[in-house]
Structure formats: C-alpha cells, structure tokens
Visitor: 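Sharing a structure below in structure tokens format, with a few things to ask.
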Amino acid sequence: MPEKQRRPRRNRVMETTTRREFIIEVAKSSGIAAGLVAGGFLLYTREPISLAKPEARLLRDFRVPPSDLFPKLVIVRGSDTPRMAAEAVTRLGGMARFIDKGDRVLLKPNVGWDRQPEQAANTGPELVGAVARLCREAGAGEVWVSDVSLNDPHRSFFRSGIEQAALEAGAKVLIPSERDFVETDMRGERLKIWPVSRFFHEADKVINLPIVKHHSLSGCTLAMKNWYGVIGGRRNQLHQDIHTSIVDLAAAVRPTLTIVDATRILKRNGPTGGDLQDVVAGSTLVAGLDEVALDAFCLTFLDLEASRVPYLAMAEKRGLGVVDWRQLPHSESQVG
Amino acid sequence: MITLRTIRRYWALTFLGLFFFLLVVADFRGLKGYAVSLFLEMDPLTALAGLLTSGTLYRGLAWSLVVVIPTLFFGRFFCSWVCPLGILNQIVGRSLNRRRPGEEYRLNRYRPLFRTKYYILAALLVLAAGGTLQTGLLDPLALLTRSVAVSLFPALDFAGLRLYLHHPVFQGGILIALLLLAILWANRLFPRFWCRVLCPLGALLGLLSWRALFRIRRDVDRCSGCGRCLTSCQGGCDPDGELRVSECHLCMNCLEECPEGALHFGLPGSRSSVHQPWDINRRRLVESGVAALAGYPLWKSSLSAESRPAPSVIRPPGSLPESAFLARCLKCGACMRVCPTQVLQPAMLESGLEGLWTPILVYRLGYCEHHCVLCGQVCPTGAIRRIGVGEKIGIKPKEKPIRLGTAFFDRGRCLPWSMQTPCIVCEEMCPTSPKAIWYETVTRKHREGGEVTLKRPFVEPDRCIGCGICENKCPVPDLAAIRVTSVGESRSETNRMILKNG
C-alpha cells in the first residue's frame, strides 16, 4: 500500500470572544431556544395521531321533476336495441326532458366482469351505445361511461364491448383508479361513510343501465343492485346484509333515468355466467323512473316473485317506489 | 464530424429507450403485437444456460444469434451499445466520477479482479448443466427487467406517475431494488464495476470475442505512451498497451482521446500492437466449477417444492412441472410486469433457495384473471407455456381446464359456517360454469332466540381451477376464510388428492 500523503499540520487558533460578541451570541442562542419552546407548546397534544376525519360528501339527487304527462314505466319489446331504446325514451317524454344542454351525463352500465356480450354478465354494448347517442343528440356536453368492475377493469370494459360502443357513440370511458374515490355519506341504515367513485360526484345526470341476472344471495341483480358499482372499499361485506344494503344504495343514488337491459337474460350461475346455455333471449327493454317498480317487473324474466325478494318491500317502505308496478301508469309496445 | 463515439451514444440511448418502452407497453392495454420480450430473448447467456438445462433453444431465444454472430466479428459491442444495464452503468459511472480529475488513469486500468466474472459464469453454467437455471439472478437483462417490474415502476406509480389503477406492491420488492441500487452505486468504486467485475453475460461475450477481426488497434510508432486513452475507457481494457480484447466494449472513447491519432478501429495496420487474450487463471476457473459441482447436490438436498409439494408454491397457468419449471425460469419478472392483478409475486423461500424470485401466486394481492394468458405470452424461456384462452379455461366438452390448485374453506373463519352471518361472496365471484363453489341452505337457531337462514358454501374439487378470486375477494381481510393451495395443480402428476381425478 502506498503511504498516504500527509498534510502539513498548521497550528491555527481561534480568536478570543469579546464581551459584545458574547452578548450577541447568547441572544442568538436564546432566540433559537425560545423558538423551540414556542413550537413545542404549539404542537403539543395528548392524542398520538391527528384524529380529524375527512369530511364526507353527499351525492346529489339526479332526478328531474315528476310529470303526469308520461308513463312511469315503459316496456318495449323487439330485437333492434337502438330503436327500442329510442322508443322507450320517446314514450317517457324524450331525452330532452331528462338532460339539459351541456350536462355531463354519466351512464352506469353493469361492466362487472371480463365476459363477452353474448354471455349476458354485463349490460349489452348496443344499449350503452344507443343511450350515449340519444344523450348527445339531446345536447349533453359530455357523456361518460363508468363502473367499478369486479374483474380487471380494462379487460371488463374491453371484452364486454362497452368500451368500443361508448367510444363509437362519442362517449368517454372513465375507469376509476384507487385514487378516484371520495368519502361519501350514504346516510343509510347499514351504509354510513363509504368511498364513492368521484365521477358520480362530478356528473350532472346519471342514467342507470343494468342487466337482468340471476344472483344466488339476493335472487336477482337488477336496477337497484347495480349501485354496488359506485362504491369501492370493503364492498364485499355488504353481502352480510344484502337487502338492507341494496335499499341503502338505491336511496343514496337517485338516477335521472333507468333503462333495464332485458334483451339477454342470465338465468342461472349468476352473476358471472360463462355458459351460453344459461342465457335466454328476453328481447325487452324496460325504462322508467321508479327503480322498485322496474325491479319488480323484471322478476318475471327470472321466474321470481316479489315475495321472495325482500329488498323490494323494504324499498317500498322507505318510499323509494312501489312494488306493484301495475298501479303505475305504464305502456307496452313492440318495435320492429 | 460524426464519429464512432457519437454513433455509439445515439445507438445506446435508442436501445435504452426501447428497453423501457417495451416494459411500459407490457400490459393488457399496451400489448399490441410488440415483441416485449425482445431483450430477454436476444440474451446469449439465457440461450446457452437454457440449452444446458433443457437441451433445446426455445422460440425467441434464437434471437440470441443476432448478438452472438456480430460478437464473433466485432467483439463485446453488446455491453456499451445495447445492454440497458451497461448503458445505465455508463451514465451513472460518468456522473459519479466527474469530479475526480487525474484519477481516471487509475480507475480505468485493468485489474486482475476483473477475472471474477469468468468464475461466476463458470459456476452458473455448471449449475445449469446440472439442471438449475440461476443465471437470471445476475444476468443483466433479467436483473434489470425484474428490478423495473417489481420495484421501479411501482415506485414511480407511488411517486405520482399513474402507471396502474391500483398501486402494486411486491413481496421483497425492496431487496430487488437494493441489489440494483448497489450495482449502480458500485460505479463509485470505479466506473462500470458491475460490467467489469461481476457480469456473467459480459464474461460470455468476452469469451466469444476471442477471434474478433475488427478491434481497437494501436500504432506502436505513433503512440507516445501518454495514457490519455484511459481517461474514459469503459472496459478497462488497456488500450494504451496490449489491448485485452475480452474486456473491450468498443465504446470508441479512446479513439477520441488519443492526441496522436495512434488508435483506430478495424483491421490491424503494419505497426499495430499485439493483443492480450483473456486473462483467466485456469486453477481458479476449475475451482469455481468444482465448487458449483459440489454445491449442486447440496442444493438439491434442501427441501423445495420440487422435492415435496408446497402449498403456497402455486405457479402461473401453463407452467411446466416444478423441476422443469426451475430448469426454465429465468426469474426475470416479465410475467409479474404483465399480470393485470399483481397476483404474480417474486417467491422468497417458498420453493427453496433455488426458486428465489420465481413467480408464485399470492391471492391476498390478486387472483388469476379467468380469461388472461398474458404471462405465458411474455415468458422468454417457456417456463410458462404460451397457452391460449381455450386451453386455459378448457373449451367444453373435450378439454379440461388448467388448474393451479384447489380452494379450501376454513370453516372456523367463514361467516356462514361459524358466525351465523350471510355472505357467499366466494360463490358470486367463482368464474367457472357451473360454479365450483356451491351451497346448502340451512336454518339454525340464533343465540338470542329466533332462527337464521344461511347459505353454507362448499368447494367441488372437480370444478375448482384454483384461480383464487374467492380468496382474493373474501371479506375476511387478513387471512381469508377460503384459501387455495397447490394440490390438484394440472402440471403435477403427484400433487393430487382425489383418486378419480387420476
């Protein structure tokens, strides 16, 4: 090892302190000490962490004023989904009744699963595209399509055909990331503060586009259960009290309009499906403003009765709608 | 004037950019026919080691010839022109050693320490000949791919770049990151410490350049012996003396530095200096080979998923049987990058030390997406076969689906089984048709009087494919009430429990 070069030692000495310097230096150090004490007093607390909770926001009511001029429930049968959708909306008073010029309209189809349209696990892309077009024709500023998927969201939007249908209709696809949820006060019996996709806070109008499917625990998944797709967090725990949760969600999210896709019905092995043998043709769209009545009507597709689906009566009790849809002004028609 | 160094710099930056670009697009939305495994596939070390472990040259690994053949003519150009880790080391080494004027001569001189990489290469190849592929631990392309996939990209996401919908976490990711940081920091000892001393791929390419015709040549008459060619020499290959061909990266820096114009690249002139062959101590080489040979039975006598089935060693869909898997898996982490749910995680010691950083499925973090086969598409070595969706899910009626394992209920933790609480989220999520999870409806007395009706779930092992979505979505968050273990996996003939399933 080569020896390191040694630096010559220099005997440098410090200067002595004068009285004046001493006083100034003591004053400076005392200032720092005083600052530390003041900071300590300011920040002192008996709580180990800050316990302030972030403020929870409320979802707005997306409904438009009721009108006696139009039916509350519209049933359209046929095979041409875009025409059926247009017919349903026309009978309800036209899209202009629901949408103001420049509105940001959020469409909420069921895009829960990485499945193809024929498997009927997600809302049909034909309906999503048709409704997006109707919104744009009515002067909507922007049309958004969003959902909180259960499978990989990118795959679910892609393989359901909904991404493509939305883009072709001039709508935007908004896939929430985990940073896109805001604490929201649901004001329910079971649901209190839950993270909700921020797009539901930012939209002016919301259109619910569910599909009719079998579900083992609740019996069916229809319009009201479709609101599972607005929340994140520990939503799998809602199954522990599924009927109260469905009613809480339907009470928290009041859509402008609901159009149920009953063109394909998943009758068994829901809500995921996977086998075309479990899918039957329903060839129907059901539109309306009363989600309880819509759900009650759609039970026929699944061979269910309202008495076997407890959330319907619970929702009626809470004033969300009526189970006996025949009471409501309704219309049935055939297209094509 | 456009010099060879300028061309090399742009070339290198292009390849560095290409490397990161291919990793960025390696996800469901970005994969549009890009050859995302290109760098891993053109790695001659992977090709050679894979050839030793399995006797075949798998698919894209034939691309390695694109590196090998030019190396025979031009030498070890790969290290400074193509290798992303080499280029990163060069950039970092340059900035870390900027303010050390006068020391470059010492820093860039050849040292006998540089021989180490040949001994590492020998040990890795002997292990490969025995059937365990460990080159990926130190192969620069596998190492960098793994570091980017499991630590750099997640860190960038955390820092605010939105690369993912859900911030990914990887078990032991920090260890993988620290290895890369240590490699980059080692440039402070002397530039390109990793490339000169440790890199087994560099060693292989050094050996392959023994008969390169085109080299850096020094005219002994014009050279004044000033040593300025050493100031930015990347290989530490003694361009001022008898060039060490196996160490030279063809960085072309010395050509620029020489004030006498004594250096050129190409065929020898009439007064060109002789060159040094590789500097390998034969005794040390044999020692490292023998050490690996002796270590091999020790390695294989340690408990691993190969010697006994391990419940948590659940491999990606299409994976080979465990011993063939270990002979193939490079631990490059490409599958972990492309996996949409981040269920693929680098193993710690679950499958033995031999399986360190190989992919396993950790269902608390993700689940195997039913129709997804991306991991097999990007696997450069075929440890995960390139399967189609039909093969994975088993198109009825003739094909059976690929099973990763089997789900089991932990009835003590299951809400309907022991808490008298309705749930069956697992049944809802189950992707097979008919569902592998079914239930019995029972009515039980409630503790406080009255009755409660519950749906109590069961698993049908014939139908369960082990995708783990049930475990992932189970509302018991810490230790799920339904968990998948590897038993019943398609790839094993022995890890079976039901007689009739053969």
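Since the structure is predicted, the reported quantities are computational estimates derived from the model, not experimental observations. All values below were derived from every heavy atom in this structure, side-chain atoms included, with hydrogens, water molecules and symmetry-related copies excluded.
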Visitor: Do A:T272 and B:K435 pair up side chain to side chain, a donor and an acceptor below 3.5 Å, judged on atom types alone?
Guide: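 The answer is yes; a qualifying pair exists.
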Visitor: Heavy-atom distances under 4.5 Å only: say whether B:E428 touches chain A with side chain, backbone, both or neither.
Guide: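 The answer is both parts of B:E428.
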Visitor: Is it the case that atom CD in A:E305 sees more than 12 heavy atoms from other parts of the structure closer than 6.0 Å?
Guide: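 Counting other residues, nucleotides and ligands, CD of A:E305 stays at 12 neighbours or fewer.
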Visitor: Evaluate the side-chain proximity of A:L150 to B:M429: yes if any heavy-atom separation is below 4.5 Å, no if none is.
Guide: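 Yes, at least one pair of side-chain atoms sits under 4.5 Å.
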Visitor: Using only heavy-atom distances, determine whether the side chains of B:Y367 and A:N151 contain a donor-acceptor pair under 3.5 Å.
Guide: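 On atom types as modelled, these side chains qualify, holding a pair under 3.5 Å.
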Visitor: If you tally heavy-atom pairs under 4.5 Å against chain B, which of A:R115, A:Q277, A:R268, A:R234 wins?
Guide: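 Heavy-atom pair counts peak at A:R115.
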Visitor: Checking A:S177 against B:R162 for the side-chain contact (heavy atoms from CB on, under 4.5 Å) test, could you report, in this order, the C-alpha distance in whole Å, the side-chain angles of both residues, the deciding distance, and whether it holds?
Guide: CA-CA 9 Å; A:S177 80; B:R162 291 191 168 200; 3.7 Å; yes
Visitor: Within the structure provided, determine whether B:K455 and A:L217 are in side-chain contact (heavy-atom separation under 4.5 Å).
Guide: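 Side-chain contact under 4.5 Å: yes.
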Visitor: Is B:C372 close to A:R155 at the side-chain level, that is, under 4.5 Å between some pair of heavy atoms?
Guide: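 In contact.
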Visitor: Go through the atoms of A:D180 and report whether side chain, backbone, both or neither lie under 4.5 Å from a heavy atom of chain B.
Guide: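 The answer is the side chain of A:D180.
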Visitor: Which atom pair, heavy atoms only, marks the closest approach of A:S216 to B:I424?
Guide: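 It is CB-CD1, 4.0 Å.
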Visitor: Can you name the one residue among A:Q240, A:Q237, A:H239 that meets side chain to side chain contact (heavy atoms under 4.5 Å, CB included) with B:L415?
Guide: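 When side chain to side chain contact (heavy atoms under 4.5 Å, CB included) is applied between B:L415 and each of A:Q240, A:Q237, A:H239, only A:Q240 qualifies.
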Visitor: May I ask you to check whether over 12 heavy atoms, not counting those of B:F458, lie within 6.0 Å of atom CZ?
Guide: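 Yes, because the 6.0 Å sphere around CZ of B:F458 holds more than 12 heavy atoms from other groups.
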Visitor: Among B:T421, B:V425, B:T432, who wins on heavy-atom pairs under 4.5 Å with chain A?
Guide: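 Option with the top pair count is B:V425.
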Visitor: Within the 4.5 Å heavy-atom criterion, are A:D114 and B:H370 side-chain neighbours or not?
Guide: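 A side-chain contact is absent here, since even the closest heavy-atom pair is not under 4.5 Å.
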Visitor: Using 4.0 Å as the upper bound for N to carboxylate O, is an ion pair formed by A:R179 and B:D157?
Guide: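 The answer is yes: the pair qualifies as a salt bridge.
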Visitor: Quick one: closest heavy-atom pair of B:S433 and A:G273, and the distance?
Guide: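 What the structure gives for the nearest pair is CB-O, 3.9 Å.
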Visitor: With a 4.5 angstrom heavy-atom cut-off, could you sort out which part of B:Y439 is near chain A: side chain, backbone, both or neither?
Guide: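 Only the side chain of B:Y439 comes within 4.5 Å of chain A.
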Visitor: With the side chain counted from C-beta on, respond yes when A:P153 and B:L165 share a heavy-atom pair under 4.5 Å apart, and no when they do not.
Guide: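 Yes - at least one pair of side-chain heavy atoms lies under 4.5 Å apart.
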Visitor: Should the heavy atoms of other residues, nucleotides or ligands under 6.0 Å from CD of B:Q171 be counted, would the total exceed 12?
Guide: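 Result for CD/B:Q171: enclosed.
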Visitor: Report which part of B:I469 has an atom under 4.5 Å of a heavy atom belonging to chain A: side chain, backbone, both, or neither.
Guide: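 B:I469 touches chain A through side-chain heavy atoms alone.
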Visitor: Do other residues, nucleotides or ligands put more than 12 heavy atoms under 6.0 Å from A:R308 CZ?
Guide: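 Atom CZ in A:R308 is not packed in, count stays at 12 or less.
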Visitor: Which answer fits A:I175, side chain, backbone, both or neither, if we ask what part of it has an atom under 4.5 Å from a heavy atom of chain B?
Guide: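 Interface part for A:I175: both.
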Visitor: Would you say that B:P340 contacts A:H154 through its side chain, given a criterion of any heavy-atom pair below 4.5 Å between the two side chains?
Guide: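 The answer is no, as the side chains (C-beta and beyond) never meet within the 4.5 Å cut-off.
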Visitor: I'd like to know if the side chain of A:N236 and the backbone of B:C474 have a donor-acceptor N/O pair within less than 3.5 Å.
Guide: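 Here the side-chain-to-backbone pair does not exist.
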Visitor: Which value, rounded to the nearest 0.5 Å, describes the distance between A:D152 atom CG and B:H166 atom NE2?
Guide: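 Reported to 0.5 Å precision, the distance equals 8.5 Å.
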Visitor: Please state whether the side chain, the backbone, both or neither of A:R235 comes within less than 4.5 Å of a heavy atom of chain B.
Guide: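 The answer is neither part of A:R235.
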